[in-house]
Structure formats: structure tokens, C-alpha cells
Amino acid sequence: MITRYTPIASLTAAALSFMIFSPASALEIAQAQETQPTQGQAEDKGAEAVISEQKIEAFAVAYLQVDKVRQEYSAKIEATPDAAAKKQLETEGSKKMVEAVKASPSISVEEYSAILTEAQSNPAIAKKVQAELQKAAPAQQ
């Protein structure tokens, strides 16, 4: 049970980290994840083509919260000269981003990760996400 959750959490952290902090460390996590496919990943591949408008709306709201955390931790990481401290901040920031998604009532971490991945590879989904982000951004301020 715990081992099944851990890869999903690692994938989510990798997806979030990939956009935000260190592409090299995120790539290592993602490569490790590829060797251990999970049931959640199999479900995500089937659901890629159909993402409801409600899920895109929920993603946009969660994304804006994650982006706030990203900005906060990016500034901290840039201001920190110590490599070990930077790594600790990256880990802490990734956890905070996952918490931000979990705090969003209408989307799970797995759904967020799937939409993020799909938006990075599917221009139609990316366009929908971008439009929703533009609508949601003023409401967040």
C-alpha cells in the first residue's frame, strides 16, 4: 500500500519539480518512476484525451497556488549559496506544492499531474489551460 503511493507521490513531485526547480533532479526521479509503472499511470494514459472543463478549471486554481509556492521557493533557492541548503529548499518546496494541490477541493494530485503532463505535450489542452489560467488569475489576486 505504501509502496504504491510512494511512486505516485514521486511522479507528482517530479512533474512539479520539473517545471520549477532543478530539471536534472526531476529527470532522475522521473526516470526512476518510469521503471515502476503504477495503476494510476495506466489510468492517466486512457484519460489523456478527455479532460473535462471542470478539471481544467480546478487545475488552473491549483496551478496558481502551486505557482505562488514556486515563486517563494525559487527566490529562497536563488538567495541561498549553500548547495545542501538549496537541495533542502527544493525538497521542502516540492512538498509544499503537493500540499497546495491537495488543498484544492476539486482535483487530486494524480489528476493535476496528468493534466500538467498532457498540457506539456498537447497544444489543444495547453491552450485550454492557458485560457483558464487567464480567467482564474484575476480571481486569485
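As the structure is a computational prediction, the values presented were derived from the model and not from experiment.
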Working for side-chain contact (heavy atoms from CB on, under 4.5 Å), residues Tyr63 and Val129: CA-CA 10 Å; Tyr63 181 88; Val129 166; over 6 Å; no
Evaluate the side-chain contact (heavy atoms from CB on, under 4.5 Å) criterion for residues Asp67 and Arg70: first the C-alpha distance (whole Å), next the side-chain angles of each, then the deciding distance (0.1 Å), finally the verdict. CA-CA 5 Å; Asp67 193 51; Arg70 181 197 59 78; 2.8 Å; yes
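Minimum heavy-atom separation, Val66 to Ala100: CG2-CB, 4.1 Å. Contact record, Ala126 with Ala119: CB-O, 3.2 Å, taken as the closest heavy-atom pair. Residues Ala85 and Thr80 come closest through the heavy atom pair CB-CG2, 3.4 Å. Here the closest heavy-atom approach between residue Val69 and residue Gly93 is recorded as CG1-O, 3.8 Å. The two residues Lys55 and Ile115 have their closest heavy-atom pair at O-CD1, 3.7 Å.
Judged as a salt bridge (Lys or Arg N to Asp or Glu O under 4.0 Å), not a single pair has a partner in residues 92-101 (not counting sequence neighbours).
For the atom pair Glu132 CD and Leu64 CG, the distance stands at 9.5 Å (nearest 0.5 Å). With values rounded to the nearest 0.5 angstrom, Asn122 atom CG is found 12.0 Å from Thr117 atom OG1.
The environment of CD in Glu72 is crowded: more than 12 heavy-atom neighbours from other residues, nucleotides or ligands sit within 6.0 Å.
Every residue two or more places apart in sequence or in another chain was checked for a side chain to side chain donor-acceptor pair (under 3.5 Å) with Lys127, and none qualifies. Checked against side chain to side chain donor-acceptor pair (under 3.5 Å), Glu57 has no partners two or more places apart in sequence or in another chain.
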